[in-house]
Amino acid sequence: MSKKVIIVGGVAGGASTAARLRRLDESSHIILFERGKYVSYANCGLPYHVGDVIPRRDTLLLQTPESLKSKFNIDVRIQQEVISIDRENKTITVKNLATSQESVESYDTLVLATGSSPIIPNIPGIHSKFIFSLWTVDDADRIRQYIRQNKINDAVIIGGGFIGVEMAENLRQLGMAVSLVEMLNQVMAPFDFEMAQLIHKTLEKNGVSLYLGNGVTSFTETDESILVNLSDGKQLTTRLVILAIGVKPNSDLARSAGLAMNARGGIVVDKALRTSDPNIYAVGDVIEVEDFINKGKTMIPLAGPANKQGRIAANNIAGENDQYQGTQGSAIVKIFDLCAANTGTNEKTLLKNGFVKGKDYEKIIILQNSHASYYPGASPMAIKLLFSTDGNKIFGAQIIGKEGVDKRIDTIGTAIRLGGTIWDLKSLEFAYAPPFSSAKDPVNMAGFVAENVLKSRVFFTEWDIVEHYDPKKTLLLDVREEAECQIYALPEALNIPLGQLRSRLSEIDKEKEIIIFCAMGVRAYNAARILMANGFQNVKVYPGGMKFFRATHYK
């Protein structure tokens with residue numbers, strides 16, 4: 001006997017559930033209700049459509065009601081909102097948004113894929129005609145039309161997450177003056193503060209004005225523009241504000257139905273993605289998930305996990321026994337000529353969870369070229385790796401660079417998912433040719449350096465040590481060539497090129513802590529080994545060398 005499956009919501013979670021279920025079960029009656037006009041679209045591409053990088057709107061529309069009907073025999077009903085669930089009688093009430101008529105549909109199995117919506121905080125003046133959010137195709141249409149009709153040439157973006165940063169790039173692409181306001185002291189919260197400095201540098205280099213550690217107290221509308229009033233007293237005047245503060249789960253329907261919820265409004269599900277009602281599944285932004293690293297409960301609104309959850313829910317509805325194993329939070333963002341990617345947890349979260357560096361975790365920051373340095377076009381990437389003090393667990397990684405970032409973060413993310421260790425990173429074998437990598441790939445190098453840390457062959461300082469060190473107790477040693485130091489150097493540092501170090505050891509005070517700099521870290525490590533072999537007891541390397549120092553201290 002065929003069953004009736006109703007899916008509430010399309011896009012990543014709902015549409016993937018419907019398509020997968022049909023591939024597994026030809027007989028079920030599948031109905032998908034979507035309150036918007038578009039059942040399946042690439043919402044991650046919307047900032048690039050606004051910026052005209054993706055000029056054709058139709059390329060973002062992945063499936064239509066007609067294509068889902070013809071290809072999958074799925075009954076898609078757009079502009080119809082499910083407004084209530086009667087769990088006892090296994091029915092839903094649906095409102096046709098075009099006619100306001102209501103109807104009742106029965107179900108055997110219900111899937112909630114209601115997604116999330118932009119947060120609109122209760123700030124005075126926030127409902128102005130000058131203020132927009134970007135979350136749907138309609139939102140993108142409105143922003144594009146408004147910019148073109150009104151010849152907008154400046155914008156203020158509120159929020160420095162993925163959408164905020166992508167919108168900053170794309171509005172600059174249109175030639176607009178862009179200011180970005182973020183309440184935290186950095187953009188891109190998944191990255192640790194020092195790594196975010198590389199992003200800040202790129203944003204400012206490309207003309208984005210940053211207002212960090214600054215909240216919005218109110219908006220004041222005039223006839224021709226709007227004033228954005230900041231917590232530090234500054235005022236920004238513009239004709240376009242983009243809100244990108246974050247998202248909240250669309251969980252009112254589930255809450256009204258009495259399903260189990262968490263404190264943040266996420267639907268509680270088991271590993272099979274069943275809610276507290278065994279006849280109701282939930283997937284996507286609206287659900288609580290397990291953090292793959294620390295095994296706690298969290299909410300991570302990403303398209304990749306939503307698609308996988310839809311597939312797993314469909315498998316289980318079709319009678320299989322599939323489980324969702326948690327979300328790692330792997331993500332990547334393009335920021336002008338830079339790529340920034342992360343997987344797993346960051347150091348801020350480890351510290352928040354009570355981890356102690358040296359006791360519970362270790363970290364490295366290294367700079368490695370994207371491919372062989374002698375092949376034209378090589379560019380450095382900064383890699384931060386967090387791992388357990390026995391090396392047997394990788395907690396997370398952050399990588400920022402111009403090219404090759406994606407494949408390195410995916411490699412480390414795969415290692416984490418498969419239970420890999422830093423010892424595995426050492427032994428991974430990569431395809432190598434000079435245009436693509438080096439004989440020792442940056443991921444291998446991360447493993448090598450992590451091993452050296454765990455075996456006390458090298459000790460690294462913190463990235464901001466220069467702001468805190470005591471010159472009476474510490475010596476800064478720069479082992480670059482004299483010509484390099486003429487371009488840029490720390491005035492208080494002693495310069496002894498690496499090739500001269502063995503013959504000039506007497507110039508270095510053995511009683512002091514020695515902090516060694518070079519360009520990217522390799523020569524500094526070699527210098528540290530020389531000093532340690534010659535009886536120097538307190539020798540450390542500045543991570544990532546002078547290039548990382550300058551990137552994190554660009555102001």
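Here, residue 1 is the first one in the sequence, and each next residue gets the next number.
- The environment of R504 atom CZ is dense: over 12 non-hydrogen atoms of other residues, nucleotides or ligands sit within 6.0 angstrom.
- The backbone N or O of G13 lies less than 3.5 Å from no partner atom in the side chain of N307, so there is not a single donor-acceptor pair.
- For K440, the NZ atom counts as loosely surrounded, since its 6.0 Å shell holds 12 or fewer non-hydrogen atoms of other residues, nucleotides or ligands.
- With salt bridges taken as basic N to acidic carboxylate O contacts below 4.0 Å, one links E204 and K555.
- Side-chain atoms of H371 and E403 include a donor-acceptor pair closer than 3.5 Å.
- Using a distance-only test at 3.5 Å, with no hydrogens or angles considered, a donor-acceptor pair links the side chain of D192 to the main chain of K348.
- The side-chain hydrogen bond (donor to acceptor under 3.5 Å, both in side chains) test with S330 is passed by exactly one of N342, T343, D410: T343.
- Cation-pi contact between R172 and F336: absent, since separation from the ring centre below 6.0 Å together with deviation from the ring axis within 45° is not met.
- In this pair, F549 and F517 present their aromatic rings perpendicular. The plane angle is above 60°, beyond the 30 to 60° band.
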Is there a side chain to side chain contact (heavy atoms under 4.5 Å, CB included) between V50 and N170 once you walk through the steps? CA-CA 7 Å; V50 172; N170 280 280; 5.6 Å; no
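- With a 6.0 Å cutoff to the six-membered ring centre and a 45° limit on the axis angle, K540 does not count as a cation-pi contact of F459.
- In this structure, K363 forms no cation-pi arrangement with Y361, as its terminal cationic atom is not both closer than 6.0 Å to the ring centre and no more than 45° off the ring axis.
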For a salt bridge (charged side-chain N to carboxylate O under 4.0 Å, His left out) check, start with the C-alpha distance between D337 and K205, then their side-chain angles and the critical distance, and finish with the verdict. CA-CA 11 Å; D337 62 347; K205 183 184 76 174; 3.7 Å; yes
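- Of the options I530, L531, V458, a side chain to side chain contact (heavy atoms under 4.5 Å, CB included) to V539 is made by L531 and by none of the others.
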Go through the steps to decide whether F436 and F430 satisfy the test ring pair (Phe, Tyr, Trp, His ring centres under 6.0 Å), and finish with yes or no. CA-CA 10 Å; F436 304 105; F430 296 93; over 10 Å; no
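- Remark: the D291 side chain and the T298 side chain contain no N/O donor-acceptor pair separated by less than 3.5 Å.
- A 6.0 Å sphere centred on CD of E482 holds no more than 12 heavy atoms belonging to other residues, nucleotides or ligands.
- Judged by distance alone, the side chains of D424 and T421 do bring a donor and an acceptor atom under 3.5 Å apart.
- Rounding to the nearest 0.5 angstrom, the gap separating the CG atom in D139 from the CG atom in N43 is 10.5 Å.
- Classification of R480 and D478 as a salt-bridged pair holds, one side-chain N sitting under 4.0 Å from a carboxylate O.
- With 3.5 Å as the limit, one finds a donor-acceptor pair spanning the side chains of T474 and E513.
- Not less than 6.0 angstrom separates the ring centroid of Y542 from the ring centroid of F460.
- Within 6.0 Å of atom CE in M532, more than 12 heavy atoms from other residues, nucleotides or ligands are found, so the atom counts as buried in its surroundings.
- Closest approach of G160 to V165, counting heavy atoms only: O-CG2, 3.6 Å.
- With a 6.0 Å radius and a threshold of 12 heavy atoms from other residues, nucleotides or ligands, K512 has its NZ atom above the threshold.
- In this structure, K334 does not pair ionically with E166, as no charged nitrogen and carboxylate oxygen lie closer than 4.0 Å.
- A salt bridge links E290 with K271: the closest approach of a Lys/Arg side-chain nitrogen to an acidic carboxylate oxygen falls below 4.0 angstrom.
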Stepwise side chain to side chain contact (heavy atoms under 4.5 Å, CB included) test for F191 and K384: CA-CA 10 Å; F191 292 84; K384 180 170 183 176; over 6 Å; no
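- Remark: the N214 side chain and the E182 side chain contain no N/O donor-acceptor pair separated by less than 3.5 Å.
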Stepwise, does the side chain to side chain contact (heavy atoms under 4.5 Å, CB included) test hold for K357 with F355? CA-CA 7 Å; K357 184 179 177 294; F355 281 55; over 6 Å; no
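- Ring geometry for F193 versus W463: interplanar angle of 30 to 60°, hence tilted.
- Side-chain contact, E467 with H553: a donor N or O sits under 3.5 Å from an acceptor N or O.
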Before you tell me yes or no, could you show the steps for S373 and N369 under side-chain hydrogen bond (donor to acceptor under 3.5 Å, both in side chains), namely the whole-Å CA-CA distance, both residues' side-chain angles and the distance that decides it to 0.1 Å? CA-CA 6 Å; S373 59; N369 282 322; 4.6 Å; no
Stepwise, does the side chain to side chain contact (heavy atoms under 4.5 Å, CB included) test hold for I514 with I508? CA-CA 8 Å; I514 313 298; I508 304 171; 3.6 Å; yes
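- Closest of all the heavy-atom pairs between K359 and T389 is O-OG1, 3.3 Å.
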